[in-house]
Structures are given as structure tokens and as C-alpha cells.
Amino acid sequence: MGISEAILEGGHWAAKLITANKELAFQSDEREKLLAELITVNKELVFQGKEKCKRAAELIIANKELAFECKEKGKRAAELIIANKELAFQCKEKEDRAAEFITERQRRLFEEKMARLDRLNLVGQMAAGIGHEIRNPMTTVRGYLQLLGAKHEYAVRKPTFDLMISELDRANAIITEFLSLAQTKRTEQRSQDLNDLLGKLYPLIEADTFTQNKQISFIPGEIPNLELNGNEITQLLLNLTRNGLEAMEERGRLQIKSYVDNGKVVLAIADEGCGIAAENLRKLGTPFFTTKDSGTGLGLATCYKIVESHNAKIDIDSSTRGTTFFISFPIPVASSKIVDILSQKAIHPISGS
Ligand code: ADP
Ligand code: MG
């Protein structure tokens, strides 16, 4: 090859090298640009990573906080459960105590009732045994007193004879009352209106009340017929009203009421008297228990017996302002149906009939 050819060849190579160089420089530039971009992206990623870490840390803290709260709530819940259990236990204890109390009370009431029945039984047997034996000679003595008192020679002693006769009558009345306590056979009862019996007796009690300068009222309620023994109920009413009147000062008011309450017919006799001392309440109904100078202590004993033979119940409410005797009679099945119908009518009145 000649020199010119060699120069040409050299120039050609030089141009190629320059081009290659430029290419390389361009590529280098591009790489640098890419690198810079990569660095920026990387920085961004690092930043994002950092943010995520921060968020994660925050989440961890929040999580821990939540876990703590949950723990606290769990603790509180456990405490509540324990308190709840404690309360349930205390309730149970109280319930048990109440049940015991009720059983104890029932037992005491039952014992008191049995004791009263025992006393009544004993008195009854005694009365039945000696009542007639005493009455017969008394009748003879009374007859002779009447006979002698009517004679001329004893005319000056007439008041003494009369007094002896009235004392014998009083003794006889006590024995009669006593004998009624002894009666064990079931007395005859028939369906009748308690208000009718009260109505018949009322003028008598009213007259008694007015002579003592006291007041009386009778409020008959709507009540069904009851299975009653008329004589016994009359006796019951007389005994209770007499006691009420005897307990009151002048101008005191006696109130007699009849009404239906809680499926029972109630006869309530309320006075404005002195009341019954708590220690005496338990003794009521015991034969011969009296706080009166001339009392027999047989009135309430008879009442308890009559009430029992009618399957009824006596409740007493007494204070220093007065005493109320509540006698609750069971309503016979046939009458209770009528009460049901009446009460339904009261709720849904049937018009036009
Ligand atoms: P008596 O009337 O003969 O004393 P009771 O058996 O009728 O006998 O009564 C017994 C006792 O009960 C009375 O002595 C009295 O102490 C008391 N009592 C009964 N009813 C009443 C009343 N309504 N108010 C106050 N005390 C009463
Ligand atoms: Mg009496």
C-alpha cells in the first residue's frame, strides 16, 4: 500500500474511532443520567421505606396500646364477673335466709295455732265433763231462791234474792259459752248472705252503742253468699262488737264493713279503742284470758272456734288508735263463679240488658 492509501486508511480509522468515542461518550452520558435517575428512585424508595417503617412503628405502638387496653378490659371484665358472682352469692344467701325465716315463721305460727287448739281441746273436755254437773244443782238452787224470794216473810230480802239469782244466771251464761267451746261436732251451715245476718243484728248492736253514748256505722259491700251457721255468726258478731265497744271511750266510733278482697269475703270490725298490747296479742283466744275486771275471757276463744269451723281466718290490726278484727271467709266454689261473672261484667259492662 502507498502512503496516501495508508493515510486514507488511517483517517478512516480515526473517523471510526471518533464516532465510536462519541458513541461511548453518549452511552456514558445516558448511563450517568440513568444512574442519577436510579439514585433518585432509590432515594425515593429509601424515603418510602423510612415512612413505612415509621408507620409500622406507629402501628406497633397503637397495637401495643390496644393490647394493653384489651388487657385492662379483660381485667375489668374478670373483676366484674367476680363481683357478679359475689352478688349472686349474696343474693342466694339472702334468699336462703328469707326462706329460713319464712319456714321459721310458719313453724312458729303453726305451733301457736296448735297450742291454742290444745288449750281449747283441754278446756272443751273439761267443760263437757263438768258443765252439766254444775248446771243441774244450780238450776235447783235458782228455783228455791225464786220460790223463797216470793214469800212474804222474805220480802225485805227480795233484792238480795234477785242479786243471787242474777249471779247464778251470769254463772250459767258463762257455762253456756264454755259448753259451746266444748262442742266438737260440726255445726250445720247453709248458704246465706252475711249482710242479711248483720242487718238483722244491727239494730240491737246500734241500741247498745247509743246507750253507751258511742257511734256506729255499717257499710255492707257486694258479697256472694257464704256457707254459714247463723247462730254462730251472730255470736261472733256480738262478741267482736261488744269487745270493740268495751275498748272505746264515749263518742268513739265502731265501724262494721263487709267486702271481697283477694278471693275472700272479709268482715272487718274496727274500733277507736285503746288497742291491744303486743304481749297480749299472742294470748288472744286463750280461754279465760281477760284484762277486764268483770271479763270472762271466753269471747275471743269462742270466736276463734267459730271462725275455725267456717274455715275462715282472723287477722288483727291494732295500735293505740284502735283495733280492727278482719275475718276472712272462703268463697264457696259456686259463689266464686258468680263473683267471677260479676267482676267480668264490671270490666266489660253489658249494655241494654
Ligand atoms: P273479755 O271480753 O271477757 O275480756 P274476750 O275473750 O272477749 O274476753 O277478750 C279477751 C281480751 O282481749 C280482752 O280482755 C281485751 O284485753 C282484749 N281485747 C279483745 N278485743 C279487744 C278490742 N277490740 N280492743 C282492745 N282489746 C281487746
Ligand atoms: Mg269479750
Side-chain angles (χ1 to χ4, degrees), residues 112-113 115-124 126-127 131 166-167 169-183 198 201-202 204-209 211-219 231-258 266-310 312-328:
E112 271 173 25
K113 200 171 172 192
R116 179 179 286 134
L117 281 177
D118 273 355
R119 287 192 297 257
L120 270 178
N121 243 342
L122 186 72
V123 171
M126 271 167 57
S166 78
E167 286 297 294
D169 285 346
R170 190 173 128 74
N172 199 32
I174 293 174
I175 291 171
T176 309
E177 210 165 10
F178 207 44
L179 278 176
S180 77
L181 275 181
Q183 228 176 37
L198 278 160
L201 205 61
Y202 190 68
L204 195 84
I205 306 170
E206 199 179 31
D208 213 14
T209 310
T211 51
Q212 294 178 37
N213 205 10
K214 292 167 191 168
Q215 305 170 59
I216 188 162
S217 58
F218 170 36
I219 307 169
N231 287 339
E232 287 187 345
I233 296 300
T234 305
Q235 185 70 53
L236 174 88
L237 288 168
L238 284 176
N239 288 356
L240 292 179
T241 50
R242 201 178 295 153
N243 278 346
L245 288 173
E246 282 169 358
M248 291 195 299
E249 302 283 331
E250 283 194 7
R251 282 195 292 282
R253 171 178 288 278
L254 190 73
Q255 195 178 60
I256 307 171
K257 263 196 212 173
S258 63
V266 182
L267 164 70
I269 297 177
D271 64 59
E272 296 174 347
C274 52
I276 304 169
E279 70 267 23
N280 287 342
L281 273 173
R282 276 187 315 113
K283 301 180 196 158
L284 296 186
T286 304
F288 303 114
F289 167 72
T290 182
T291 54
K292 300 170 192 165
D293 291 339
S294 57
T296 61
L298 288 173
L300 280 184
T302 315
C303 289
Y304 272 99
K305 188 165 157 56
I306 293 169
V307 161
E308 196 161 295
S309 76
H310 284 81
K313 195 169 143 264
I314 295 188
D315 288 299
I316 303 164
D317 185 10
S318 189
S319 75
T320 46
R321 277 177 286 132
T323 304
T324 306
F325 278 80
F326 301 93
I327 320 290
S328 331

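In each ligand, atom 1 is the first atom listed, and ligand 1 is the first ligand listed. What you see is a predicted model, and the numbers here were worked out from it, not measured in a lab. The analysis underlying the following values was restricted to heavy atoms, covering all of them including side chains, and did not include hydrogens, waters or symmetry mates.
For Ala268 against Phe326, the heavy-atom pair with the smallest separation is CB-CD2, 3.9 Å. Shown here for Thr286 and Lys283, the closest heavy-atom pair between the two residues is OG1-O, 2.8 Å.
Heavy-atom separations between Asp271 and ligand 1 include at least one value shorter than 4.0 Å. The shortest separation from a heavy atom of Gly285 to ligand 1 is not under 4.0 Å, leaving the residue out of contact.
The side-chain heavy atoms of Ile233 and Leu201, taken from C-beta on, include no pair separated by under 4.5 Å. Counting heavy atoms from C-beta outward, Leu284 and Ile314 have side chains that stay 4.5 Å or more apart. Between Leu240 and Leu300, the closest side-chain pair of non-hydrogen atoms falls below 4.5 Å. Counting only heavy atoms from C-beta outward, the side chains of Ile219 and Gln255 approach each other to under 4.5 Å. Inter-residue side-chain proximity for Ile269 and Leu237 is flagged as met; some heavy-atom pair is nearer than 4.5 Å. Side-chain atoms of Leu245 and Ile216, non-hydrogen and from C-beta on, never get closer than 4.5 Å to each other.
In summary, the atoms of ligand 1 found under 4.0 Å from a heavy atom of Gly295, numbered by their order in the structure, are 3 (O). Set against the non-hydrogen atoms of Gly299, the atoms of ligand 1 under 4.0 Å away are 5 (P), 6 (O), 7 (O). Close approach of ligand 1 to Gly275 is summarised as follows: ligand atoms under 4.0 Å from at least one heavy atom of the residue are 25 (C). If you number the atoms of ligand 1 from 1 as listed, the ones under 4.0 Å from a heavy atom of Thr291 come out as 13 (C), 14 (O), 15 (C), 16 (O).
No more than 12 heavy-atom neighbours from other residues, nucleotides or ligands sit within 6.0 angstrom of CD on Glu249.
Using modelled atom types, one side-chain atom of Ser318 and one backbone atom of Ile276 make a donor-acceptor pair closer than 3.5 Å. A donor-acceptor pair under 3.5 Å links the side-chain atoms of Gln215 to the main chain of Arg251, judged by distance alone.
The protein heavy-atom contact nearest to atom 18 (N) of ligand 1 is Ile276 CD1, 4.2 Å. Of all protein heavy atoms, the one lying nearest to atom 10 (C) of ligand 1 is Phe289 O, 3.3 Å. Nearest protein neighbour of atom 24 (N) of ligand 1, counting heavy atoms only, is Ala247 CB, 3.3 Å. Nearest non-hydrogen protein atom to atom 4 (O) of ligand 1 is Thr290 OG1, 2.5 Å. Annotation: atom 6 (O) of ligand 1 to nearest protein heavy atom, Leu300 N, 2.8 Å. Among protein heavy atoms, the minimum distance from atom 2 (O) of ligand 1 is reached at Lys292 NZ, 2.7 Å.
Proximity of Thr296 to ligand 1, defined as any heavy-atom pair under 4.0 Å, is shared by backbone and side chain alike. At a heavy-atom distance under 4.0 Å, only side-chain atoms of Thr323, from C-beta outward, approach ligand 1. Contacts with ligand 1 closer than 4.0 Å are made by no heavy atom of Leu240, backbone or side chain.
Considering backbone and side-chain N/O of Cys274, none are found under 3.5 Å from N/O of ligand 1. At least one N or O atom of Gly297 sits closer than 3.5 Å to an N or O atom of ligand 1.
Of the candidates Leu254, Leu284, Asn243, Asn280, Leu284 brings a heavy atom nearest to atom 17 (C) of ligand 1.
Side-chain contact, Thr302 with Gln235: no donor N or O sits under 3.5 Å from an acceptor N or O.
Taking backbone and side chain together, Thr290 holds no N, O or S atom under 2.8 Å from the Mg ion (ligand 2).
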